[in-house]
Amino acid sequence: MNFLTRFAPSPTGPLHLGHAYSALLAHDLAVAQKGTFLLRIEDIDQSRSRTEWETQILDDLDWLGCSWPLPVMRQSTRKEIYQTALVALWRRGLLYPCSCTRRDIVAAAAAPQEGAPLTGPDGTIYPGSCRPKTPTSPIAPLPPTGAALRLDMRAAQDALADSPLTFLETGIPTNGRPRTISTTWIEVHSSIGDIVLARPAMGTSYHLSVVLDDAAQGITLVPRGADLFDATVIHVILQRLLDLPTPTYHHHRLIRDEDGKRLAKRDDARAIEKYRGDGATPQDIRRMLSLT
Ligand code: GLU
């Protein structure tokens, strides 16, 4: 089987040290296995994505020594694919429209009968205000466009009753040695809940797009930051529902600043562009990241 890894930046800010670590790791893993490193631009959030950032990111990656086959996959060109998957899930009664605002969710989750509000990979766990009382087959052939669409996790559990929620992990905590990570539906309901699969402004979500795109690119190993570890079970559930393969995941350590805080897009001081301007070489960047 061909060994394919990827780096999937969102062009919403400069490439910083944390991204460089993810990209170089994915690149090095592909080279070590005589596989292929692919690039994908995650630009579904058109309100925040900028072509200037994309140009700079590609230039920085090239400077760091990464190379990839062309063309680069761009999420903004794949809206029909996301819509087709949403319609298929909708027709199986797995989605429901939700018009709650963030404030509504926080208020409903803080109601005394709910206990302390819990947070999951996407923030406050949805308390189910818009969820149909009993899962039913949708009457309309197409989902509504003016509301968010949530995945009904109870319906997903019914649909996947016999399918174990497992994936192979080669990153943290074993670093190299493959290990099976399993999750139970009880954990899914209590720590994830009904996540949003499509927002009206985007027509999709990170979770839905990433799963469809990794499958379309034939990715066999996904290297990404440990901050996404808790989201991986969402991706496994979507892969099972959409009949897509589950790649191996390699969650890696996060690059932090001197205060131990994880680097964010706004950390321009650690932008690769800035280091380049100060005369650093790609080898200097690798040394800073303990990648030799
Ligand atoms: N676009 C995502 C990010 O920049 C990639 C997440 C992933 O690798 O799945 O964080």
Side-chain angles (χ1 to χ4, degrees), residues 4-30 36-51 53-54 56-58 60-61 64 66 68 72-79 82 120-123 167-172 181 192 195-197 199 202 204-239 242 244-256 261-268 270-272:
L4 287 140
T5 67
R6 53 78 163 172
F7 177 57
S10 305
T12 54
L15 194 81
H16 61 56
L17 275 181
H19 303 120
Y21 182 75
S22 226
L24 287 168
L25 184 70
H27 191 262
D28 290 358
L29 287 165
T36 308
F37 166 80
L38 296 179
L39 191 63
R40 179 168 75 234
I41 297 295
E42 300 213 321
D43 57 352
I44 45 170
D45 186 350
Q46 289 283 299
S47 66
R48 292 171 62 228
S49 299
R50 299 274 176 276
T51 36
W53 288 127
E54 183 180 323
Q56 182 69 49
I57 289 171
L58 297 187
D60 285 342
L61 288 172
L64 282 167
C66 295
W68 54 88
V72 170
M73 181 181 272
R74 220 166 247 97
Q75 289 188 326
S76 51
T77 64
R78 292 175 48 76
K79 290 189 179 150
Y82 308 142
D122 285 353
F167 63 92
L168 264 191
E169 169 71 55
T170 59
I172 290 170
I181 308 287
I192 293 172
I195 43 112
V196 169
L197 276 199
R199 294 196 181 279
M202 288 186 215
T204 183
S205 61
Y206 159 65
H207 299 304
L208 181 68
S209 302
V210 83
V211 158
L212 290 166
D213 297 345
D214 280 337
Q217 288 190 299
I219 303 301
T220 58
L221 181 79
V222 175
R224 62 184 182 191
D227 53 331
L228 287 167
F229 187 88
D230 291 342
T232 300
V233 66
I234 300 174
H235 302 167
V236 172
I237 291 169
L238 290 175
Q239 286 150 1
L242 295 165
L244 300 172
T246 294
T248 297
Y249 289 87
H250 186 105
H251 292 95
H252 61 70
R253 70 186 169 90
L254 299 177
I255 305 300
R256 299 182 183 276
K261 279 216 321 285
R262 161 177 173 232
L263 299 186
K265 284 264 156 58
R266 57 194 169 279
D267 284 308
D268 288 1
R270 286 161 190 88
I272 297 303

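Residues take their numbers from the sequence shown, with the count starting at 1. Order of appearance sets the numbers: ligands from 1, and atoms from 1 within every ligand.
Note: His252 and Tyr21 meet the aromatic proximity criterion, with ring centroids under 6.0 Å apart.
Look at Glu42 and Arg74 and you find no salt bridge, because none of the NZ, NE, NH1 or NH2 atoms lies under 4.0 Å from a carboxylate O. With respect to Asp214 and Arg40, a salt bridge is recorded, a charged nitrogen being found less than 4.0 Å from a carboxylate O.
With ligand atoms numbered from 1 in the order given, ligand 1 contributes 1 (N), 2 (C), 5 (C) to contacts under 4.0 Å with heavy atoms of Glu42. Ligand-side atoms of ligand 1 in range of Tyr206: 6 (C), 7 (C), 9 (O), range being under 4.0 angstrom from any heavy atom. Close contacts of ligand 1 with Val210, meaning ligand atoms under 4.0 Å from a residue heavy atom, involve 9 (O).
Taking the side chain as every heavy atom from C-beta outward, Leu39 and Leu58 approach each other to under 4.5 Å.
Side chains of Thr232 and His251: a donor-acceptor N/O pair is present below 3.5 angstrom, by distance only.
Between His235 and His207, the angle of the ring planes lies from 30° to 60°, which puts this pair in the tilted group.
Counting heavy atoms under 4.0 Å from ligand 1, residue Arg40 does not touch it at all.
Residue Leu228 has no nitrogen or oxygen atom sitting less than 3.5 Å from a nitrogen or oxygen atom of ligand 1, judged on distance alone.
With distances taken over non-hydrogen atoms, the option nearest atom 4 (O) of ligand 1 out of Ser10, Ser22, Pro11 is Ser10.
Look at Arg6 and you'll find a heavy atom under 4.0 Å from some atom of ligand 1.
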